[in-house]
There are 2 protein chains.
Amino acid sequence: MLSNSSKYAIKGVLYLALNSNADHKILVRDIYETVHVPEAYLAKLLQELSRHDIISSTRGPKGGFYLSENDRQHTLMEIVKVIDGEKRVNSCVMGIRNCNMDNPCVLHKLIGSNKSKFIKVLENTTILDLIEGKEDVEEFFPF
Amino acid sequence: MLSNSSKYAIKGVLYLALNSNADHKILVRDIYETVHVPEAYLAKLLQELSRHDIISSTRGPKGGFYLSENDRQHTLMEIVKVIDGEKRVNSCVMGIRNCNMDNPCVLHKLIGSNKSKFIKVLENTTILDLIEGKEDVEEFFPF
DNA sequence: AGATTAAAAGACATTTTTATCCTTTTTATG
DNA sequence: CATAAAAAGGATAAAAATGTCTTTTAATCT
Ligand code: FES
Ligand code: FES
């Protein structure tokens, strides 16, 4: 349903949400161990997100990645779509085509409804939603 | 969550459930088009399931794949486990490790419960459950 | 028994996903 | 303006998933 890359990306963004802001940018070098993602690979993912304006970054000395206040309003789905593309999340449990509510497959009644909920969560949950009131950073990054 | 291979396998088994029995075995050649799965690839998957006694097969003339009465009692999860292995279905949305209910990640509250339901459906639904009362074969195999 | 048929098994090919490395560009700052 | 720090980009590699093809084994029929 979600690729490893998407999970990695979400973890990276979550770390930024917890630890960065426009005045305190962060290097990939300082993230990757905590979130358990290979350094260069995480860099690639964050760059991709930055290019799509999901997160922010600046180059040069004192540069790094960070989340602006605005960035925190992005949903998990936006991250997933950038990394995995639209198709992956929407694909029907039975076919390879998109899940079609009008012409549901046999499994849709059993499983599709859960899947729809899953998708709705991704669509409705913002970065901010996830971190608010949370201080214990460790719980965010299980291995 | 489910690999294409697992989806393919489920579709193949479903076709067998609808069209075969111990006295009427079926060739992969006669399944793959309806089910929209490459012939050789489907053969491989069914062989794997047969080896694990999820479905039945006999070689030689008049041979083919089929479902015994007993085979129909197998659950979707058993199919998925043979094809994808245990890890894939259980993996945590955040980590790569298994979803751990005792030490849930931040997303578990939001998503994990849906996932658990999804898994329960796979575990509790047998082949027989899926086909009983269903005559319209086409609805089983969306593209 | 021998020929034929059909699945099992395994070798091979392609594609996608995941991961690393190295160079180039940008930019803050001394 | 030179330098150093950092993201961005490109090229490549390794691994896993997906898909195809050929050979082997075994059942059945004549
Ligand atoms: S149509 Fe198959 S899961 Fe929705
Ligand atoms: S612990 Fe992460 S989804 Fe359950």
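Letters go in sequence order (proteins before strands), and every chain restarts at 1. Keep in mind that this is a model prediction, so the values were computed, not measured.
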Can you tell me how far C1' of C/dA9 sits from CG of B/L45, to the nearest Å?
-> 14 Å

Please list, chain by chain and in numerical order, all residues satisfying salt bridge (charged side-chain N to carboxylate O under 4.0 Å, His left out) with A/E48, sequence neighbours excluded.
-> A/R51

Can you tell me the distance, in whole Å, between the CD atom of B/E48 and the P atom of C/dA7?
-> 17 Å

Where protein sits on nucleotides 20-30 of chain D, one letter per nucleotide: B base, S sugar-phosphate only, - none, heavy atoms under 4.0 Å | BB---BSBB--

Polar side-chain contact B/Q47-C/dA7 base: donor and acceptor under 3.5 Å = no

Heavy-atom closest contact (B/S57 atom, B/F65 atom, distance) | CB-CD2, 3.5 Å

Apply salt bridge (charged side-chain N to carboxylate O under 4.0 Å, His left out) to B/E86 and list each qualifying residue two or more places apart in sequence or on a separate chain.
-> B/K81

So what does A/L46 hit on the nucleic acid, given a heavy-atom distance under 4.0 Å: a base, only sugar-phosphate, or nothing?
-> nothing

The ring-ring contact (aromatic ring centres under 6.0 Å, His included) partners of A/Y8 (sequence neighbours excluded) come to A/Y41

Counting only side-chain N and O atoms of B/S57, is one of them less than 4.0 Å from OP1 or OP2 of C/dA7?
-> no

With respect to the phosphate group of D/dA7, does any side-chain polar atom (N or O) of A/R29 fall under 4.0 Å of OP1 or OP2?
-> no

side-chain contact (heavy atoms from CB on, under 4.5 Å) filter on B/D30, not counting sequence neighbours, yields B/I26, B/L27

Using whole Å, report how far CD1 of B/I83 lies from C1' of D/dG19.
-> 14 Å

Minimum-distance nucleotide to B/R51 side chain [options: D/dA17, C/dA9, D/dG19] = C/dA9

Flag yes if more than 12 heavy atoms outside B/R29 fall under 6.0 Å of its CZ atom; otherwise flag no.
-> no

Send over the distance from A/Y8 OH to C/dT17 P, rounded to a whole Å.
-> 14 Å

Write down the distance between CG (B/N4) and P (C/dT17), rounded to a whole number of angstrom.
-> 10 Å

Could you check how far CD1 of A/I26 sits from P of D/dA7, rounded to whole Å?
-> 11 Å

Does B/S5 have a side-chain nitrogen or oxygen under 4.0 Å from the phosphate oxygens OP1 or OP2 of D/dT18?
-> yes

Grab the two heavy atoms, one from A/R72 and one from A/S20, that are nearest each other, plus how far apart they are.
-> NH2-O, 2.7 Å

Any chain of hydrophobic side-chain contacts (each under 4.5 Å) joining B/L46 to B/Y66?
-> no

What is the distance, rounded to the nearest whole Å, between atom NE2 of B/H24 and atom C1' of C/dA6?
-> 15 Å

Residue that, paired with A/I31, satisfies side chain to side chain contact (heavy atoms under 4.5 Å, CB included) out of A/L16, A/N19, A/V37 = A/L16

N or O in side chain of B/S50 less than 4.0 angstrom from C/dA8 OP1/OP2 = yes

Give me the residues of residues 64-81 of chain A where at least one heavy atom lies under 4.0 Å from an atom of DNA chain D, by number, or none.
-> A/G64, A/F65

